[in-house]
Peer 1: 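Starting off with a structure, shown below.
In listed order, ligands and their atoms are each counted from 1.
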Amino acid sequence: MEVNPGELVAILGANGAGKSSILQALAGLKRPIEGSIGLQDQYIHELSANEIAKKGLALVPEGRQLFGELSVKDNLLIGAYSRTDNVNEEEELNEIMKRFPRLKDRIDNSAGLLSGGEQQMVAVGRALMAKPNILLLDEPSLGLSPAMIGELYDALASLRDDGVTILLVDQMANLALQVADRAYVLETGQIVKSGTAQELLSDPDLEEAYMGASA
Ligand SMILES: Nc1ncnc2c1ncn2[C@@H]1O[C@H](COP(=O)(O)OP(=O)(O)OP(=O)(O)O)[C@@H](O)[C@H]1O
Ligand SMILES: [Mg+2]
């Protein structure tokens with residue numbers, strides 16, 4: 001599996017196919033039993049999650065994992081923690097507010113009081129505060145209203161247009177393929193198909209491959 005700079009690549013697959021496991025392995029939260037993981041010009045599969053974050057890999061985990069008692073602002077600032085350059089906090093926060101304008105009014109609220117969609121925006125914003133070389137997203141649309149999903153995916157598309165490299169997991173294959181350049185289809189931990197989003201959208205087997213692991 002490969003993600004080139006500036007690409008938005010999707011991983012598709014049924015429940016239990018191994019999508020989250022891959023993202024967790026990439027982020028150093030799970031150890032691969034075999035194989036290797038490279039980021040830019042070096043292997044990272046033996047580094048700690050903390051070291052991998054410092055190399056510029058940011059994970060937006062399934063279920064968002066915000067600090068509900070902390071303010072939106074503090075949750076966002078946590079994202080800049082792994083950075084070693086001098087961060088101008090106000091400037092960085094303004095960038096995030098431009099991407100997610102609805103967070104502006106909520107900046108001092110406890111993150112736990114926000115709607116699911118708003119919380120997902122905070123989780124993406126927190127990852128962006130790290131100025132990642134690659135952004136990993138695990139099921140960002142899960143549990144959100146259609147309107148919120150639309151807003152979130154518009155933001156992902158604009159991040160991609162701005163050159164941010166993204167690896168996206170979403171159960172909603174059609175949705176992910178709307179924004180992805182390419183995708184891999186997983187079934188019980190194996191890649192069973194890959195191609196451009198266009199190829200997979202017009203692939204009659206996709207639904208079958210997609211459902212395979214849960215059948
Ligand atoms: N450390 C582990 N040891 C053994 N089995 C594991 C381990 N971690 C995950 N699994 C199993 O591996 C499979 C893949 O899990 P994973 O969470 O990656 O799937 P997923 O594609 O993200 O599914 P979902 O769509 O439900 O989020 C599951 O059957 C899970 O129970
Ligand atoms: Mg998962």
Peer 1: Quick one: which residue pairs count as a ring-ring contact (aromatic ring centres under 6.0 Å, His included) with a foot in residues 40-87, not counting sequence neighbours?
Peer 2: Tyr43-His45
Peer 1: Restricting to salt bridge (charged side-chain N to carboxylate O under 4.0 Å, His left out), what partner residues turn up for Asp85, sequence neighbours left out?
Peer 2: Arg83
Peer 1: At a heavy-atom distance under 4.0 Å, which protein residues reach ligand 1? Sort them by chain and number, would you?
Peer 2: Ala14, Asn15, Gly16, Ala17, Gly18, Lys19, Ser20, Ser21, Lys30, Glu62, Glu139, Gln171
Peer 1: To the nearest 10 degrees, calculate the angle at the Mg ion (ligand 2) involving OG of Ser20 and OE1 of Glu62.
Peer 2: 80°
Peer 1: If you define the side chain from C-beta out and look only at heavy atoms, does anything of Ser145 sit under 4.5 Å from Met148?
Peer 2: yes
Peer 1: Before giving the answer on side-chain contact (heavy atoms from CB on, under 4.5 Å), spell out for Leu167 and Leu23 the whole-Å C-alpha distance, their side-chain angles and the decisive distance to 0.1 Å.
Peer 2: CA-CA 9 Å; Leu167 182 59; Leu23 297 193; 3.8 Å; yes
Peer 1: Evaluate the side-chain proximity of Met172 to Ser141: yes if any heavy-atom separation is below 4.5 Å, no if none is.
Peer 2: yes
Peer 1: Is any N, O or S atom of Ser21 under 2.8 Å away from the Mg ion (ligand 2)?
Peer 2: no
Peer 1: With a 4.5 Å cut-off on side-chain heavy atoms, are Lys131 and Glu92 touching?
Peer 2: yes
Peer 1: Mind checking salt bridge (charged side-chain N to carboxylate O under 4.0 Å, His left out) for Asp41 and listing every partner two or more places apart, or none if nothing turns up?
Peer 2: none
